[in-house]
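Input: a single structure, listed below in structure tokens.
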Amino acid sequence: MENNGEAQPEKNELLRKDGTLNPRPDKILDPKFHEQDFFDPHDLVQVRYEMLRRVSVENVSITDAAEEYGISRPTYYQAKTSLEAEGLAGLVPKKRGPHGRHKLRPEIVAFLKQQLLPGQPIRARELAKLVRERFGLEVHPRTIERVLSEKKTLQ
């Protein structure tokens with residue numbers, strides 16, 4: 001039975017929400033991902049693990065495995081390093097970019113709150129300029145709006 005993803009929209013939606021949906025399942029050339037129900041070319045963690053297993057256990061060359069699984073060699077090495085360092089959890093893609101308010105330290109948030117005038121709108125561009133002048137830090141006005149709009153920040 002061919003596993004083409006048509007019969008599993010619920011699983012694919014869960015994989016997408018978890019960030020583990022393979023964006024290019026059509027690039028997987030390994031026949032077992034298309035001939036057996038167990039192997040799912042849409043499941044990025046499963047694809048990465050099987051690729052690493054093939055190199056480690058079956059002695060497939062890294063170049064051949066990268067081609068067979070539709071990835072670059074640097075991506076292979078990154079997956080290998082992640083698996084060695086973190087186990088299976090290392091194969092789950094990490095969220096890209098900064099996580100949380102990495103620039104806005106508590107003293108900056110306190111400074112921003114002091115600048116607010118009761119009943120007046122948030123002047124994010126002006127506040128960004130003040131932060132730049134006082135702390136030497138570039139902060140996007142939208143970041144300031146988000147931080148100051150949070151209920152717990154305003155208390």
Side-chain angles (χ1 to χ4, degrees), residues 1-110 112-113 121-122 124-125 127-128 131-132 135 137-155:
M1 175 180 257
E2 188 172 323
N3 186 352
N4 59 14
E6 300 298 324
Q8 59 177 17
E10 297 86 13
K11 180 181 178 186
N12 287 350
E13 181 60 21
L14 288 173
L15 291 171
R16 186 191 63 72
K17 285 181 181 176
D18 287 341
T20 58
L21 180 65
N22 185 0
R24 299 181 301 168
D26 55 311
K27 300 285 185 189
I28 309 300
L29 303 177
D30 184 344
K32 65 180 155 279
F33 276 88
H34 302 285
E35 297 168 355
Q36 299 176 20
D37 284 337
F38 179 80
F39 293 98
D40 183 358
H42 296 88
D43 188 333
L44 189 58
V45 174
Q46 188 179 49
V47 168
R48 287 178 177 177
Y49 182 84
E50 181 59 17
M51 172 192 61
L52 294 167
R53 189 200 67 77
R54 295 250 304 135
V55 171
S56 178
V57 176
E58 297 179 19
N59 297 316
V60 171
S61 77
I62 293 168
T63 301
D64 289 346
E67 184 177 317
E68 187 175 25
Y69 289 88
I71 61 153
S72 66
R73 287 179 57 216
T75 300
Y76 167 85
Y77 288 112
Q78 184 178 35
K80 183 177 188 278
T81 300
S82 295
L83 180 67
E84 289 170 351
E86 304 173 50
L88 269 179
L91 298 180
V92 176
K94 309 289 186 279
K95 288 186 178 180
R96 298 167 72 135
H99 303 277
R101 289 185 250 148
H102 64 289
K103 288 185 179 179
L104 295 182
R105 301 180 308 267
E107 64 269 19
I108 297 173
V109 174
L112 289 169
K113 290 193 315 188
I122 296 171
R125 284 194 176 101
L127 292 172
V131 168
R132 186 179 330 106
F135 298 97
L137 186 65
E138 290 290 331
V139 179
H140 194 278
R142 182 66 189 118
T143 301
I144 292 172
E145 289 173 351
R146 277 195 305 269
V147 168
L148 293 178
S149 295
E150 291 176 2
K151 289 181 184 177
K152 61 184 175 187
T153 302
L154 295 174
Q155 297 174 354

Open item on the list: I'd like to know if E86 pairs up with K94 as an ion pair, taking the criterion as any Lys NZ or Arg NE/NH1/NH2 lying under 4.0 Å from an Asp or Glu carboxylate oxygen.
Closed with: yes
- [ ] Any chance you could measure N59, atom CG, to D64, atom CG, to the nearest 0.5 Å?
- [x] 12.0 Å
Task: Close side-chain approach of Y76 to L52, heavy-atom, < 4.5 Å - done: yes
Open item on the list: With a 4.0 Å cut-off on N to O distance, would you call D40 and K11 a salt bridge?
Closed with: yes
- [ ] Would you please test R48 and Y69 for side-chain contact (heavy atoms from CB on, under 4.5 Å) and show each step?
- [x] CA-CA 8 Å; R48 287 178 177 177; Y69 289 88; over 6 Å; no
Task: From CZ (F33) to CD (Q46), nearest 0.5 Å - done: 5.0 Å
Task: Nearest atoms (heavy-atom pairs only) where Y49 meets L88 - done: CD1-CD2, 3.6 Å
Task: Pairwise side-chain contact, M51 with E68, heavy-atom cut-off 4.5 Å (strictly under) - done: no
TODO: Over all heavy atoms of both residues, which pair between P141 and A124 is shortest? Give the atoms and the distance, please.
DONE: O-CB, 3.3 Å
Task: Residue pair E50, D30: steps toward the side-chain contact (heavy atoms from CB on, under 4.5 Å) verdict - done: CA-CA 10 Å; E50 181 59 17; D30 184 344; 4.3 Å; yes
Open item on the list: Within the 4.5 Å heavy-atom criterion, are V139 and L127 side-chain neighbours or not?
Closed with: no
- [ ] Output the distance between atom CG (L83) and atom CZ (R53), rounded to the nearest 0.5 Å.
- [x] 13.0 Å
- [ ] Go through I108 and L137 one step at a time and tell me if the side-chain contact (heavy atoms from CB on, under 4.5 Å) criterion holds.
- [x] CA-CA 10 Å; I108 297 173; L137 186 65; 3.5 Å; yes
Identify each donor-acceptor pair in which a side-chain atom of residues 21-28 lies under 3.5 Å from a protein atom, sequence neighbours left out, and give them as a table.
unit_1 : atom_1 : unit_2 : atom_2 : d
N22    : OD1    : R24    : N      : 3.1
N22    : ND2    : P41    : O      : 2.9
R24    : NH2    : G70    : O      : 2.9

TODO: State, to 0.1 Å, how close P93 and L44 come at their nearest heavy-atom pair, and which atoms those are.
DONE: CG-CD2, 3.6 Å
Task: Minimum side-chain heavy-atom gap V55-S61 below 4.5 Å - done: no
TODO: Ignoring hydrogens and angles, tell me if any N or O in the side chain of T75 forms a donor-acceptor pair with the backbone of I71 under 3.5 Å.
DONE: no
- [ ] Decide, yes or no, whether a salt bridge links E35 with K32 under the criterion of side-chain N to carboxylate O below 4.0 Å.
- [x] no
Open item on the list: For F135 versus R105, what's the shortest heavy-atom pair and its separation?
Closed with: CD2-NH2, 4.2 Å
- [ ] Mark yes when over 12 heavy atoms from residues, nucleotides or ligands other than R125 sit less than 6.0 Å from its CZ; otherwise mark no.
- [x] no
Open item on the list: In the structure I gave you, are the side-chain heavy atoms of H140 and T143 within less than 4.5 Å of one another anywhere?
Closed with: yes
Open item on the list: According to side chain to side chain donor-acceptor pair (under 3.5 Å), who are the partners of R16, at least two apart in sequence or on a separate chain?
Closed with: E13
